[in-house]
Every structure is written in structure tokens, then in C-alpha cells.
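What follows is a set of notes on a single structure, which appears directly below.
In what follows, every heavy atom counts, from backbone to side chain, and hydrogens, waters and symmetry copies are set aside. All chains are named by letter (A, B, ...) in the order of the sequence lines, taking the proteins before the strands, and each is independently numbered beginning at 1.
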Amino acid sequence: MSFDDPARGSKAVARFDALPFVAGRAHIRPIMPAPPKTSTVLDARAFDRTLRRMADEIVELNNGTEGLVIVGIQRRGVQLAAQIVSTINEREGAQVPQGALDITLYRDDLQTVGPRPVVGQTRIPVDIDGQHIVIVDDVLYTGRTIRAALDELADFGRPSRIGLAVLIDRGGRELPIQPDIVGKKISLEASQRVDVLVQELDGRNAAIIAEREAT
Amino acid sequence: MTLSLGKDLLGLEPLSSEQIGLILDTAEPFKEISERAIKKVPTLRGATIVNLFFEASTRTRVSFEFAEKRLSADAVNVAASGSSVSKGETLVDTARNLEAMRIDMVVIRHGASGAARFLADRIESNVINAGDGTHEHPTQGLLDMLTLRDRFKRLKGLKVCIVGDVLHSRVARSNIWGLTKMGAEVAVCGPRSLLPNAIDDLGVTVFTRIEEAIEWADALNILRLQLERMTAGYIPSLREYNRVFGVSRERLERGKRDVLILHPGPMNRGVEIDSDVADGPFSVILNQVTNGVAIRMAVLYLLSGGRPELAEAAKHAGGER
């Protein structure tokens, strides 16, 4: 019997070596790096057209711009929200308040995601009590991000109404959450992924489907 | 993101500049939480944290407690006086007994240098050093760096002079290690009797006149003169210390440049720092206190993760949400 605590030592090592260990396993698998198949859902022009339509629908949903607050979800929802706000400004001549929400600290899977995810900035510029908030996100999938966003918004106040506008609804909900405004609805397999690219971060506006990397 | 802090935060000396940068960057979004109407996020719901304070502390303990509560953790304070420690229980026994009640983290302040590491090596829970003897006070070093970065938008190339009782100061050590790793230039200034003999080995400049330090520095971090040690004959008298090393408005005005003023507290007004400096336009002493909560939230958040077995499972379940 040893009075040293080997279990403790090895656990500490496992923490540090977790990633190299995973990488090492890749070598055991047959090496078949098939290039991921991609296809375009929205090209730059369709992307802009879709966002403009969404901006109109948001104003319609709210019966004007009075009391409207647009909140983008980090990261790409923030850029989409900015484009929507500028379209509303062009068409209605009104500057709608714009916020950003990072939902990382409200995620329901924090205990399972390993190294802590990077937390982005949350910025709610106005008092949201009694306002009509429209949450903007790039892709709606399980609905868990939106659940977290609703919880986070509740910590800022009590809006009169919260709506949801998403560029892509890919189906596959795990919670009873539905969007009010959809840019494009598609149906994807769990093995597929849809990536939204925005000018500010990716150099172009587009939505593309890619095969998920095998794990 | 593969960068992590590991199990414990024991000091800034063992950390890389990337890890320090990660903590500072993570603290940024946490500042905003303390400005909300409801200053609370559910991130550490269900986590139990023990604040084990063997030395007197108001600021640090309260700051940790706010950080824990704003992350929704359950925090319990244990002070050495009035606990079983005063009945002769050892540090490890105290911690193991607490651990047997299923805790997740321990924040420890202790009078002995190395106490935090000693504990970290012996218990499963994450350990955060809240000051151990004259060794390190990492969260103070981090909040000082965050405050400097807020003001100057950078740490690289910044000239920071630590003034006063460097010999007894864990804050000085954490600052020196942290700032030099982040590319800042660090100097110390104080009476020779209050500077460690081997201070040059830490790669810092030494000033023996406060006027030179003010001339050189972008920021002064003024340490508390530890009055309880004044019987040991390190300095002739408080009045003389104030006359030679005290940071006064006159001295700062004689300098050519604006110098930012930091102080980890508690202050002895009229000894190491004069009131018009402490309350003056260049003082960021209260910003330091505000940033302390954000830094401690960031550290708690970063340490709470990293369970590789769960990360594996999540990867197989598919990461997209």
C-alpha cells in the first residue's frame, strides 16, 4: 500500500494531456481525409436581399420602429443585427437601439465542454423594460442558445415582447422554440453543418453547408 | 481554444504570458455583469467554494465572495479564529474535512509562503491563492495589470515602479512576475532595508530616490508600509519615511509627465501616500477594487472547467448548438 496518491497525480496529468491524447488517437483511425462537401445556401447577393427582407418584416412585426430594440447574439448574430439596424435606418429613417448578447455564461452544457469557452462582450445599451426586443442570430438549430438568451435578457429587465429572427433555420430543435422571422429554412442531417460568413469577420457574406468533421 | 490554467491558481510566476493574457481578456466581459440590475449569472450554479482565510482581510475576501455569488456559486467563509484551526487542527486536516463535505474550490489566504501550493498538492479541489505569506498574491497582481491595461491599452513597454515595502510584499512579487512576463518594464523604489537583497535577479531596475522613480515611471504602484513590522527597525520613523519616500502632490507636480497611481490597500494616508494623491485625478485605486471582482470572476470561471472526460463525450455528441 502506498501513501502517495497516484490517482491524484494521474488525474492532473490527464488534464494537461487531454488534447494531445485526442490528437494521438487520430493516428489509430484509418486515414481517410475526404475533402468536406460544401454547397452554397446563400451567396452574397441573396444574403443581402434576405437580410433586407428580414429588416422589413421586423418593422412590420412591431408596427413601426417605436420601442424596438435589436439584440444580436455573439458572434455573427451581432454583425447581422448591425446590418438589419442600418437597413431599418435607410428605409424608415429611424435609428433603432442595438445590443449584443453573449450567452456563454448561461449555457446548459458548461459542465461538459472542457476548457472554458471564450466569453464575448454583452452590451445592452437601453433599459429594456416594456420594449419590444428582437433577437437576431445566424443559425437556429437545437434552440438551446435562444433558451440561454431568454434567460440572460430576463436579468436585464422585463421586455413587453421578445421576438426571434434568424438567417438560417436548419431544423433539429430540442426545445419548444420557434422563430418569428426566418431568412431561409433548410433541413439538414445531423452530420451536416451550416456556416454563416459575414463581411466583418470572414471577408464575405454567405451561408454554406459543410459536412461535419468526423470525430 | 486549448489554453487552460490547469487545476489551481497559485501564483503568476508559473504562468505563461498567454495564460495571463487569457485571464485579463476573460475579465473584460465580466466587468459588465457587475453593472447589471441583476448582478448574477448562472455559470457556477451548484459549485461550492470555501474561502479559507487564516489572515485578516476585508477587501480580498469580500471581493472573492462577490465574485463567487455573482457566478451563482455557493460560498462559505471560514476564518481561522473561531474555527477548529484555533484548536490545533492542521491545514491539511481542515481542508480534507471540508473536502469530505464535497466542495469544488478553496480560496486560501495564509501567513506562510507556499501554503497554497502545499494545499493544492494534497486535495482534489481547485485551489486559488489569495495571498500566501510574502510569496504571491496573484489575483491582486492580475487586477493591477487589468487596471493598467484599461488606462494605457497595453502592458508591453509600460514602465511601472513599485514603491515601498517590497521586502514583505507578496503584491510586489506577483506584480514583478506578471508585468515582466507581459513585456512591461518594472522598477522598485524604497529604502534599501525594505528591498530584498537579490532584487536585481528578478530583472527590475532599482531606484533609491522617489524623485527618480517619478521621473521614470508611467505608473506607480505604491505599497502599504506594513506598520505592524515597524518594531523591527527597518526604517527610523514613519515621519522620516514619509519625508523621503512618501508620494505627495508636490513631488508628482515636479515630474514632467502624468503618472498613474495604484495602491493595493489598505492605505496609510500621510505615510506612503498623501491624501491629495490618493484622491487625486491620477489615482485609479478604486478602479482597482472594481476590477478585482471581474478578475476573480474570470479566474473562478476558467478554473471551474477542464474536465477532459466530459469534453470527450461532448465532442462525440457534436459541438454545434
Atom CD of B:E32 and atom CZ of A:R123: how far apart are they, to the nearest 0.5 Å? 10.0 Å
How far does NZ of B:K40 sit from CG of A:L105, to the nearest 0.5 angstrom? 13.5 Å
Within the supplied structure, the quantity of interest is the number of heavy atoms (other residues, nucleotides, ligands) at a distance under 6.0 Å from B:R151 CZ; does it exceed 12? no
Heavy-atom neighbours of B:F152 CZ exceed 12 at 6.0 Å: yes
Flag yes if more than 12 heavy atoms outside B:K31 fall under 6.0 Å of its NZ atom; otherwise flag no. yes
Structural part of B:L44 lying under 4.5 Å from a heavy atom of chain A: neither
More than 12 non-hydrogen atoms from neighbouring residues, nucleotides or ligands closer than 6.0 Å to CZ on B:R117, yes or no? no
Just wondering, more than 12 heavy atoms not from B:R36 lying within 6.0 Å of its CZ? yes
Determine the minimum heavy-atom distance between A:G120 and B:P29, stating which atoms define it. O-CB, 3.2 Å
Could you tell me whether the side chain of B:T26 reaches within less than 4.5 Å of the side chain of A:R116, counting heavy atoms only? no
If you measure from CZ on A:F156 to CD1 on B:I38, what distance do you get to the nearest 0.5 Å? 9.5 Å
If you look at every heavy atom in B:Y301 and A:P117, which pair is closest and at what distance? OH-O, 2.6 Å
Can you establish whether the number of heavy atoms outside B:R45 located under 6.0 Å from its atom CZ is more than 12? no
Winner by heavy-atom pair count (cut-off under 4.5 Å) against chain A, out of B:P42, B:G46, B:A47, B:S72: B:P42
